[in-house]
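Worksheet for the structure shown next.
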Amino acid sequence: IEQLALHGARTGLRVSVESVVKARYEELSDQARSLLRTVSVAGQPLPQQLLLRAAAVSDARATVATLAAKSLLRVDGAGPNANVVAYHDRIREGVLLALEPEERRHCHAALARELLAEPEVAPRLVASHLHGSGQLREAAEYALLAAAEAQRTLAYQAAADSYRDALLWSGGQLPNVAAVQRARADALHQAGRCDEAGAAYLAAVEGVQDGRARMELQRLAAEAFLAA
């Protein structure tokens, strides 16, 4: 509210949060803008050093200090283990609105590159940034890894979502589409989404030639619909 009031008093215009964020973003140095848009596209707290590399920031200390002092980003923790995130969701949303599609894709690509260089990283996070950068085949592969990881931790809805994304992003060009459709249907059933599971089992039937396998999928579909 304070920032809105100050901006309105300075410009003499009616203002919104988005217009204030856009104006403050455009006033920043090139490196500060690069870091803020990278943080905004990231959409969640990530290690400071990773974000600085993705944003290609050389003057790290001054850039982070400037953005923190302007209440545009927040640093949680200290030293190399510190995480950085946009100061508020409205800040992040305002910056994203100010970006061109190509700028977003560039940030997603840089984040995916740096995440892939990490020794351990969540496949789901990599998949989302590969998708955002337009690398759909690679995104689908990581979505399958994310689905398998979610299955191992009994996060069945997350697994179903990742299987769905893999099917969508691959354009149906996965090595075994029917197996992925079956896995998605199983995950939906285990998550208690029985109606959706039944429909998914029936969708998997179309890609199966073996008669017994088709009958098994149809049986599973019937059971899922009955359990709904």
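Every heavy atom of this structure was used, including side-chain atoms; hydrogens, water molecules and symmetry mates were not. Position 1 is the first residue of the sequence; numbering continues from there.
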Strictly below 4.0 Å, N to O, side chains only: are [X] and [Y] in salt-bridge contact?
X: Arg219; Y: Glu223; value: yes
X: Arg182; Y: Asp186; value: yes
X: Glu196; Y: Arg164; value: no
X: Arg105; Y: Glu102; value: yes
X: Arg74; Y: Asp76; value: yes

| field | Tyr87 atom OH, neighbour heavy-atom count above 12 within 6.0 Å | value |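 Open: at most 12 neighbouring heavy atoms sit under 6.0 Å from OH of Tyr87.
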Would you say [Y] ends up clustered with [X] if hydrophobic residues are merged whenever their side chains have heavy atoms under 4.5 Å apart, either directly or through other cluster members?
X: Val85; Y: Ile91; answer: no
X: Leu220; Y: Leu202; answer: no
X: Leu144; Y: Leu136; answer: no
X: Trp169; Y: Leu167; answer: no
X: Leu96; Y: Tyr25; answer: yes

Which pair of heavy atoms, one from [X] and one from [Y], lies closest together, and at what distance?
X: Cys194; Y: Ala227; answer: SG-CB, 3.9 Å
X: His129; Y: Val41; answer: CE1-O, 3.8 Å
X: Thr63; Y: Ala32; answer: CG2-CA, 3.6 Å
X: Ala143; Y: Ala127; answer: N-CB, 3.8 Å
X: Ala183; Y: Tyr163; answer: CB-CZ, 3.6 Å
X: Arg113; Y: Arg53; answer: NH2-O, 4.1 Å

| task | Specify whether Tyr201 and His189 have parallel, tilted or perpendicular ring planes, treating 30° as the upper limit for parallel and 60° as the lower limit for perpendicular. | result |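 Because their plane-to-plane angle is over 60°, the rings of Tyr201 and His189 count as perpendicular.
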| said: We want to know whether Ser133 and Gln135 form a side-chain donor-acceptor pair, criterion being a heavy-atom distance below 3.5 angstrom. | reply: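 Yes - a donor-acceptor pair under 3.5 Å links their side chains.
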| query | Under 3.5 Å, is there a donor-acceptor pair linking the side chains of Ser162 and Arg124? | reply |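 A donor-acceptor contact under 3.5 Å links the two side chains.
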Is the side chain of [X] donor-acceptor paired with the backbone N or O of [Y] at a distance under 3.5 Å, no angle test?
X: Glu103; Y: Glu100; result: yes
X: Gln31; Y: Asp59; result: yes
X: Ser170; Y: Ala166; result: yes

Is the shortest heavy-atom distance from the side chain of [X] to the side chain of [Y] under 4.5 Å?
X: Glu93; Y: Arg90; answer: yes
X: Gln190; Y: Gln151; answer: yes
X: Leu67; Y: Leu28; answer: yes
X: Leu97; Y: Lys22; answer: no
X: Val64; Y: Leu52; answer: yes
X: Leu145; Y: Glu141; answer: no
X: Ser40; Y: Leu36; answer: yes

What's the separation between atom [atom1] in [X] and atom [atom2] in [Y], rounded to the nearest 0.5 Å?
X: His88; Y: Leu72; atom1: NE2; atom2: CG; result: 13.0 Å
X: Glu114; Y: Thr38; atom1: CD; atom2: OG1; result: 10.0 Å
X: Arg137; Y: Leu174; atom1: CZ; atom2: CG; result: 11.5 Å
X: Asp161; Y: Tyr156; atom1: CG; atom2: OH; result: 15.0 Å
X: Leu73; Y: Arg92; atom1: CG; atom2: CZ; result: 14.0 Å
X: Ser128; Y: Asp165; atom1: OG; atom2: CG; result: 9.5 Å

| request: Before giving the answer on side-chain contact (heavy atoms from CB on, under 4.5 Å), spell out for Leu125 and Leu46 the whole-Å C-alpha distance, their side-chain angles and the decisive distance to 0.1 Å. | output: CA-CA 11 Å; Leu125 183 58; Leu46 286 177; 3.8 Å; yes
| Only one of Val121, Leu111, Asn83 forms a side chain to side chain contact (heavy atoms under 4.5 Å, CB included) with Leu50, so which one is it? |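 Looking at Val121, Leu111, Asn83, the match for Leu50 under the side chain to side chain contact (heavy atoms under 4.5 Å, CB included) is Leu111.
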